[in-house]
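Structure first, then comments.
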Protein chains: 2
Amino acid sequence: MAQPDTVTRILDTAEVLFAERGFAETSLRNITSKAKVNLAAVNYHFGSKKSLIQAVFSRYLDPFTTRFHAALDDLEARHRQDGSIIPLEELLETMARTVLEVPAERNSLKVFMRLLGLAYSQAQGHLRRYIQEEYGSVFTRFTELVRKATPELPDAERFWRLHFVLGTVIFTLSGLDALRDIAEQDYHEHVSVRDLIRRLRPVVVSAMQAPLPEPPVQEVS
Amino acid sequence: MAQPDTVTRILDTAEVLFAERGFAETSLRNITSKAKVNLAAVNYHFGSKKSLIQAVFSRYLDPFTTRFHAALDDLEARHRQDGSIIPLEELLETMARTVLEVPAERNSLKVFMRLLGLAYSQAQGHLRRYIQEEYGSVFTRFTELVRKATPELPDAERFWRLHFVLGTVIFTLSGLDALRDIAEQDYHEHVSVRDLIRRLRPVVVSAMQAPLPEPPVQEVS
DNA sequence: CAATGTTGTAAACAATTGTTTGAATATGAA
DNA sequence: TTCATATTCAAACAATTGTTTACAACATTG
C-alpha cells in the first residue's frame with residue numbers, strides 16, 4: 001500500500017501534535033483530520049484517548065528499553081572480565097547513545113524528548129503510572145549501576161542529583177526549539193542535538209561529582 | 001470583611017488548581033465552585049481565562065522582580081566600592097534568596113515553582129510572550145552579571161549552561177511533590193524546599209564551572 | 001432620599017470535547 | 001461464489017467548555 005495503515009498514520013500524527021501542544025490541548029478531531037482518518041478510528045483501534053497516549057509512548061519506550069538493557073548487558077559483561085567497576089562517564093555515555101539511537105530511524109529525537117518532558121509536567125496521572133509500571137525496572141537497573149559507580153555519594157544525595165541532571169536534560173531537549181532560536185539569533189551558531197549532548201557531557205559529570213552540600217542547619221530546639 | 005474579596009478568592013483558588021493540574025485541565029467552573037464565587041465573576045473581573053492566568057503570574061512575578069532588582073542594586077553597590085566583580089556564587093545565592101522570600105508570605109513556594117514549570121512546558125503561547133515582555137529585562141540584567149562573573153566561558157557556552165541549571169531547578173522544584181514522595185519512601189527522610197536548595201547549591205556551581213566541552217568533531221569535507 | 005455606578009447572580013449561549021451507534025464497505029477464508 | 005470478520009464512515013450523543021446576557025443587589029455619591 002502506498003499509504004501507511006490507519007494505526008500508523010494515527011500514531012505518527014498524534015505524536016507530533018502531542019509534542020507540539022500537549023495532550024489536553026490536542027483533540028481527536030485534530031489528529032484524525034490531519035491524519036486523514038475517520039474520527040471513530042481512534043476509539044476503534046485504541047479504545048480511548050488515554051490508550052492512544054500510552055501507545056504513542058510505547059512505540060518509543062519499548063525499543064528504548066530493549067536496546068538499553070542490551071547495552072547495559074554488554075557493559076556489565078565487559079567489566080565482569082577485568083573485575084572493574086563501570087565508571088559513571090561510561091554509564092552516562094551509554095544512556096546518551098541509546099537515547100540517540102532509538103528515534104534516529106524516524107528523525108524524531110526532538111519529539112521523543114518533548115514527549116518525555118510532557119510526561120513529567122502534564123497532569124495525566126495515568127501516564128506517569130503507566131510509564132512507572134512498564135518501564136520502571138530499566139531505570140532501577142540503571143540507578144543501581146550508578147550507585148556502584150559513585151560509592152562516595154550518600155544514597156539520598158545520589159537520588160536527588162540524578163533527578164537534577166534528568167531535569168537538565170529533559171528541560172533542555174524538550175524545549176530545544178525555542179532555545180535554539182534564541183541561541184542562533186544571539187550567537188549566530190547552529191546547534192544540533194549532538195552539539196548539545198557534547199555540551200551536556202562535562203556539565204552533567206561535574207554536577208554528579210560536585211562536593212557534598214553543607215550539613216543542614218540545625219534549628220535551636 | 002471576614003472573607004477575602006472575590007478577586008483574591010479567585011486568584012488564591014486558581015493558582016492552586018493551575019499548579020495541581022495545569023491550565024487547560026482546570027475549568028473556570030472548577031475554580032469558581034471551589035472559591036465559592038459565581039462563575040461569571042471570572043470574566044467580570046479578569047475578562048477571560050487567559051487574563052486570569054496572566055494575573056496569577058503577575059501576583060508572583062511583580063514582587064519578585066521588584067525585590068530582585070533591589071537585591072541586585074545592593075550587590076552592585078557593595079562591589080562598586082571595592083571595585084571587585086560579583087562572584088557567581090553570590091549571584092546565584094541572591095537569586096535563590098529572592099525566590100525563597102517572595103512567596104514565603106503565603107507559604108506557597110511550591111505553587112510558585114510549579115507555575116514556572118508550567119509556563120515553560122504548557123503550550124500557552126500567550127503566557128510565554130507575556131512573561132518575556134513583562135519580565136524579560138530583569139533576566140537580561142541577571143545574565144549580564146553572570147557574564148562578568150564567568151569571563152572564561154564563551155558566550156554561547158554560558159547561555160546553554162544557564163539554561164541547563166534553569167532546567168535543573170525548575171524541573172526539580174516543580175515536580176517536587178512526586179519526587180518528595182519517592183525520596184521519603186525510599187530514604188525515610190523528609191525534604192524541605194530549603195533542604196533541596198542546600199543540595200542544589202554545589203551542584204549548580206559545579207555545573208557552571210565544569211570544564212569546557214571538547215571542540216565539535218569535524219566531518220571530513 | 002434618589003440617582004448612579006459597581007458587583008453579584010442565574011440562566012442561556014454556542015462551540016468543542018471524547019465516545020458510541022449502526023449501517024456501509026472491504027477483506028479474507030471456506 | 002458465500003459467508004464471516006475486520007475496518008471505515010457519517011451521524012448523533014451527552015457532557016463540558018469559556019463567554020455573554022439580563023437582571024437583582026448593593027454601595028456610593030450628589
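Fair warning: this is a prediction, and the values are worked out from it, not measured in the lab. All heavy atoms count here, side chains included; hydrogens, waters and symmetry mates do not.
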Quiz item: Is there a side-chain contact (heavy atoms from CB on, under 4.5 Å) between B:Tyr187 and B:Ile182 once you walk through the steps?
Solution: CA-CA 8 Å; B:Tyr187 309 111; B:Ile182 305 175; over 6 Å; no
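Whole-Å rounding puts the A:Asn30 CG to C:dT16 C1' distance at 11 Å. Atom CD1 in A:Ile10 sits about 14 Å away from atom C1' in C:dG18, given to the nearest Å. Taking atom CZ on A:Arg29 and atom P on D:dA15, their separation rounds to 16 Å, with Å as the unit. As rounded to whole Å, 11 Å separates atom P of C:dT17 from atom CD1 of A:Ile31. When rounded to the nearest whole Å, the span between CG of B:Leu39 and C1' of C:dG8 equals 12 Å. Taking atom CG on A:Leu28 and atom C1' on C:dT20, their separation rounds to 13 Å, with Å as the unit. Taking atom CG on B:Leu17 and atom C1' on D:dG18, their separation rounds to 16 Å, with Å as the unit. Rounded to a whole Å, the CG atom of A:Asp5 is 15 Å from the C1' atom of C:dA26.
For C:dT6, neither phosphate oxygen OP1 nor OP2 lies less than 4.0 angstrom from any side-chain nitrogen or oxygen of B:His45. Phosphate contact (OP1/OP2 of D:dT16, side-chain N/O of B:Ser27, threshold under 4.0 Å): absent. Between B:Thr6 and C:dG8 there is a side-chain polar atom (N or O) within less than 4.0 angstrom of OP1 or OP2. Residue A:Asn38 has a polar side-chain atom (N or O) positioned under 4.0 Å from OP1 or OP2 of D:dA10.
Between A:Phe68 and A:Phe64, the ring planes are parallel. Angles under 30° get that label, and only those over 60° would be called perpendicular. The aromatic rings of B:Tyr130 and B:Tyr135 sit perpendicular to each other, their planes meeting at more than 60°, with 30° as the lower class boundary. Aromatic ring orientation, B:Tyr60 versus B:Phe112: parallel (interplanar angle below 30°, classes split at 30° and 60°).
Within 4.0 Å (heavy atoms only), A:Thr26 reaches sugar-phosphate atoms of the nucleic acid but no base atom. Contact annotation for A:Thr32: no contact, since no heavy-atom pair falls under 4.0 Å across all strands.
Within the 4.5 Å cutoff, the side chain of A:Glu20 has no heavy atoms near those of the A:Val111 side chain.
Of the candidate nucleotides D:dT17, D:dC9, C:dT19, D:dC9 has the atom lying nearest to any side-chain atom of A:Ala40. Distances from the side chain of A:Tyr44 to the nucleotides D:dG18, C:dG18, D:dA6 place D:dA6 closest.
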